[in-house]
Amino acid sequence: MKNFKRYTVTSALPYANGPVHIGHLAGVYIPADIYARYLRLRGNDVVFIGGSDEHGVPITIKARNEGVTPQDVVDKYHTIIKKSFEDLGISFDVYSRTSSKTHHKTASDFFRKLYDEGKFIEKTSEQYFDAEAGQFLADRYIKGTCPHCANEEAYGDQCEKCGTSLSPMDLINPKSTLSGNQPVLKETRHWYLPLDKHEPFLKKWILEDHKEWKANVYGQCKSWLDAGLQPRAVSRDLDWGVPVPVDGAEGKVLYVWFDAPIGYISNTIEWAEQNGKDWKKYWQDEDAKLVHFIGKDNIVFHCIIFPAMLKSHGNYILPENVPGNEFLNLEGDKISTSRNWAVWLHEYLVEFPGKQDVLRYVLAANMPETKDNDFTWKDFQARNNNELVAILGNFINRTAVLTQKYYDRKVPSLGELQPIDQETIAEMAQHKERIESSLENYRFREALKEAMNLARLGNKYLADTEPWKLIKTDEARVETIMNICIQLTANLSIVFEPFMPFTAQKIRQLLHIESLGWEKLGQMNLLAAGHLLDEPFLLFDKIEDEAIEAQVQKLEATRQSKIDSTPAVEAKELVSYDDFTKLDIRTGTILEAEKVAKTKKLLKLLVDTGIDKRTVVSGIAEYYNPEELKGKKVSILVNLAPRSIKGIESQGMILMAENADGSLSFVSSEKEVNNGSEIK
RNA sequence: GCCGAGGUAGCUCAGCUGGUUAGAGCGCAGGAUUCAUAAUCCUGAGGUCGGCAGUUCAAGCCUGCCUCUCGGUACCA
């Protein structure tokens, strides 16, 4: 394996339209921080890069909705995010932002070099343009009627009612959300990165040269490469972002996914300038090892697009590895910002003061390394109480208290070693190697577990040697035992440093020592005999049931309040009574229900309408099981023109009430009425 | 539908290129112990390794089909 002189560690830039939650931490920032801290502890030259991703359409939309500027939005969240990372002890060497001057220049230069060298292709296409606002419209800025479900509030990229992905051209009666006017089609020119041309290179580089990448990452890349790559637009018609540095490109900016990864470079430059370093040594030198920590949603950008950009540019090294993690769920449900189902870091830090390491520990232990994982508050409590308090905290406390009791906190001397001492010492050396191997292969859960096993080893050693009994008969022997326990404690301060830096610091305080390097791990002479320890104090506190229940309740409450506080959709325009009476709505009863094959949300229903028994296809499978539907009273629009859906003729439509969270509910009569009764 | 990743003890997960009685932590049961935040240490119970076929002397690991979860993509009132 190659010996690198420098390490460039990046973590995905959080998007600055909201705070950071535990899913981000477990997936990206905790593993990246553990890795960076480990490398530094071994004396390596490391730069650990973070920063906010502040461009893109969603931020401009959020700004519009809140009546502020995009800069206001990113200023707000950049500040929150940066502060919360600091408080959690994420050890970025630099945490900057893509709205910085340095970044604008770096990204702009990067684009310009590729442009000048003819590495892009230019294409002209027709896009919707708002004449009044004088600008092209991003997909999200266009609303219209969904061609599938007739929802009048569908966006240009997706209908949120039926979940269909759309393109703006699909919308019936499109309207600009800027002015409310009907947009016009207008030609616009954009630059594309011809990924198809890089395909042969990417195939070799990933599929042949990097078989060691994680299975989920490698597989996803293979899937993309096998499907064939297409040119990808790297510019957008938008006024928020890095302007395209080409004459005549007014009103165009770099696509956020083009500029964001360049942010890693920009931020390195910023750091280098402030610290008298040469940034190129970390990005343009084969002796540097580049590692991107990301979540699985980012795989294609970091494994395909960004490397293609770097390769096109020509001066840059490519990532050595891209350890992408899967997702973290919360209490069995997907974490969701829009549904407010999340544990926010900045709130955690306030609600659990001084417990940064508890969160770091639990998230590292539960990291979704190979598959999606679940975070539960109950597990959080159990890991704190049964592992941090009972195993790690307890061993160190036992050692500290015994040393105080027997030796007035002075380290006793090491005497002759017995077999059990030697076995324990040998065990520690083995742990060192195992932990190193785990960390270097991005197996952080395993590494943490091994670290915790060192504390277990200490507890077992105490139980086996029983110094509290021996003190009555063999004082000299007890000195040796306690010396070993204290040395072991010093070792724990080293091994936990990457995972739990605050705790490592506390252990050092307890021992009255400075930070020891990683290489000292496994040694038994870290503290000299006679060295004075600090007064014993506890490293961790138990977390009581009440605190956990409060968090679970908070989650439920915020979810409910999110639903409650969602305003009703605006009323539609007036219709005449005659218009209304055209609709023939009846009460009916579901006789049979079955899933429509090969669909996610469709059920085929046989409904007794009182008039006849007919088949209706309905998109409710995500909320109702076929079994529970038999006999269900429903309201049905019987004179809707039949339509074939998935090869089944659907005769009518079942009326559903849709809640703010998207869940559906039948609309049925309050009292028992006959099938076929009119609803009017 | 297609592609990718998963489905291993109650829970969270390990199991390398197939090879003796499938592992760990937590939880549970029993025991030991009291220096320690009733913490610790030992022992034990618990698994037809998603299902069905197949290849092989031998399969959790290989092949085929099926099924469920997650992600991507396509389609879909």
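Lettering follows sequence order; numbering is per chain, from 1.
Comparing the P positions of B/U73 and B/U63 gives a spacing of 27 Å, expressed to the nearest Å. Look at the P atom in both B/C61 and B/U20: the space between them is 14 Å, to the nearest Å. Separation of the C1' atoms belonging to B/G25 and B/U33 is 23 Å when rounded to the nearest angstrom. Comparing B/G30 with B/A39, their P atoms sit 16 Å apart, to the nearest whole Å. When the C1' atom is compared between B/G1 and B/G46, the two are found 41 Å apart, to the nearest whole Å. Nucleotides B/G72 and B/A14, compared at atom P, are 22 Å apart to the nearest Å. With both ends at atom P, the span from B/C11 to B/G47 equals 13 Å, rounded to whole Å. The P atoms of B/C62 and B/A24 are separated by 24 Å, rounded to the nearest whole Å.
Other residues, nucleotides and ligands place more than 12 heavy atoms under 6.0 Å from the NZ atom of A/Lys203. The neighbour count for A/Glu475 CD, taken as heavy atoms of other residues, nucleotides or ligands under 6.0 Å away, does not exceed 12. Within a 6.0 Å radius of CD in A/Gln430, other residues, nucleotides and ligands contribute more than 12 heavy atoms.
Residues passing the ring pair (Phe, Tyr, Trp, His ring centres under 6.0 Å) test with A/His198: none are found, sequence neighbours excluded. Residues satisfying the salt bridge (Lys or Arg N to Asp or Glu O under 4.0 Å) criterion with A/Arg383, sequence neighbours excluded, are A/Asp379, A/Glu387. A/Tyr35 is linked by a ring pair (Phe, Tyr, Trp, His ring centres under 6.0 Å) to A/Phe293, A/Tyr442, counting only residues two or more places apart in sequence or in another chain. Qualifying ring pair (Phe, Tyr, Trp, His ring centres under 6.0 Å) partners for A/His24, counting only residues two or more places apart in sequence or in other chains: A/His21. A/Tyr218 is linked by a ring pair (Phe, Tyr, Trp, His ring centres under 6.0 Å) to nothing, counting only residues two or more places apart in sequence or in another chain. With sequence neighbours excluded, no residue satisfies side-chain hydrogen bond (donor to acceptor under 3.5 Å, both in side chains) with A/Asn385.
A side-chain N or O of A/Gln220 and one of A/Trp224 form a donor-acceptor pair less than 3.5 Å apart. One side chain, A/Asn459 or A/Arg398, offers a donor N or O that lies under 3.5 Å from an acceptor on the other. Between the side chains of A/Asp612 and A/Thr609, at least one donor N or O sits under 3.5 Å from an acceptor N or O.
Taking every heavy atom of residues 393-403 of chain A and every atom of RNA chain B, pairs under 4.0 Å involve A/Asn394, A/Asn397, A/Arg398, A/Val401, A/Leu402, by number. Within residues 462-485 of chain A, the residues that have a heavy atom under 4.0 Å from RNA chain B are, in order of number, A/Ala463, A/Trp468, A/Lys469.
Atom CZ of A/Arg383 and atom P of B/G25 are 12 Å apart (whole Å). Taking atom CD1 of A/Ile304 as the reference point, atom C1' of B/G4 lies 12 Å away to the nearest angstrom. The nearest whole Å value for the distance from the CD atom in A/Glu387 to the P atom in B/A36 is 23 Å. Spacing between atom CG of A/Leu207 and atom P of B/C3 amounts to 16 Å, rounded to whole angstrom units. The nearest whole Å value for the distance from the CG atom in A/Asp374 to the P atom in B/U12 is 7 Å. Between the CG atom of A/Leu328 and the P atom of B/G71 there is a distance of 13 Å, rounded to whole Å. Protein atom CE of A/Met452 is 20 Å distant from nucleotide atom P of B/U12, rounded to whole Å. One interatomic measurement links the two molecules: CG of A/Leu229 to P of B/C3, which rounds to 18 Å at whole-angstrom precision.
With respect to A/Asp357 and A/Lys506, no salt bridge is recorded, no charged nitrogen being found less than 4.0 Å from a carboxylate O. Taking 4.0 Å as the cut-off between side-chain N and carboxylate O, A/Asp196 and A/Arg232 do not count as a salt-bridged pair.
Formation of a donor-acceptor pair under 3.5 Å by the A/Glu199 side chain with backbone atoms of A/Leu229 is found in this model. The backbone N or O of A/Ile543 sits less than 3.5 Å from a side-chain atom of A/Gln381, completing a donor-acceptor pair. For A/Asn639 (side chain) and A/Asp584 (main-chain N/O), a donor-acceptor pair under 3.5 Å exists by modelled atom type.
For A/Thr370 and B/A14, the shortest distance from a side-chain N or O to OP1 or OP2 is below 4.0 Å. For the OP1/OP2 pair of B/C26 and a distance below 4.0 Å, the side-chain nitrogens and oxygens of A/Lys378 include no atom meeting the criterion. Within the structure, every side-chain polar atom (N or O) of A/Asn386 is placed at least 4.0 Å from both OP1 and OP2 of B/A39. Side-chain nitrogen and oxygen atoms of A/Lys460 include at least one within less than 4.0 Å of the OP1 or OP2 phosphate oxygen of B/C42. Between B/C26 and A/Arg456, a contact under 4.0 Å exists linking OP1 or OP2 to a side-chain N or O. Put simply, A/Lys334 has a side-chain N or O that comes within less than 4.0 Å of OP1 or OP2 on B/G71.
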Q. What string of B, S and - do you get for nucleotides 59-65 of chain B, 5' to 3', if B is base contact, S is sugar-phosphate-only contact and - is no contact with any protein heavy atom under 4.0 Å?
A. -------
Q | Bracket string, RNA chain B, 5' to 3' - pairs by Watson-Crick or G-U geometry under 3.5 Å, | interstrand | A | (((((((..((((.....[...)))).(((((.......))))).....(((((..]....))))))))))))....
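Side-chain proximity of A/Lys371 to the nucleotides B/C70, B/G4, B/G6 is greatest for B/G6. With B/A24, B/U40, B/C70 as the choices, the nucleotide that has an atom nearest any side-chain atom of A/Ala390 turns out to be B/U40. Side chain of A/Asn216, nearest nucleotide from B/A5, B/A39, B/A36: B/A5. Of all nucleotides listed (B/G72, B/C70, B/U12), B/G72 comes nearest to the side chain of A/Trp224.
Counting non-hydrogen atoms under 4.0 angstrom, A/Glu369 reaches nothing in the nucleic acid. Contact annotation for A/Lys222: no contact, since no heavy-atom pair falls under 4.0 Å across all strands. Residue A/Tyr406 is out of contact with every strand shown, counting any heavy-atom pair closer than 4.0 Å.
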Name the pairs: protein N/O against N/O of nucleotides 15-18 of chain B, kept only if under 3.5 Å.
none

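Among pairs with a residue in residues 532-543 of chain A, those fulfilling side chain to side chain donor-acceptor pair (under 3.5 Å) read A/Gln404-A/Glu535, A/Arg409-A/Glu535, at least two apart in sequence or across chains.
For the pair A/Phe352 and A/Gln551, the tightest heavy-atom approach, listed with the atom from each and the gap, is CE1-NE2, 3.5 Å.
Of the two residues near RNA chain B, A/Ala455 and A/Asp297, the one whose nearest nucleotide lies more 5' is A/Ala455. If you find the closest nucleotide of RNA chain B to A/Asn385 and to A/Pro368, the one lying nearer the 5' end belongs to A/Pro368.
Its glycosidic angle being more than 90° from 0, B/G6 falls on the anti side.
Side-chain contact between A/Ile481 and A/Ile484 is absent, with no heavy atoms from C-beta onward closer than 4.5 Å.
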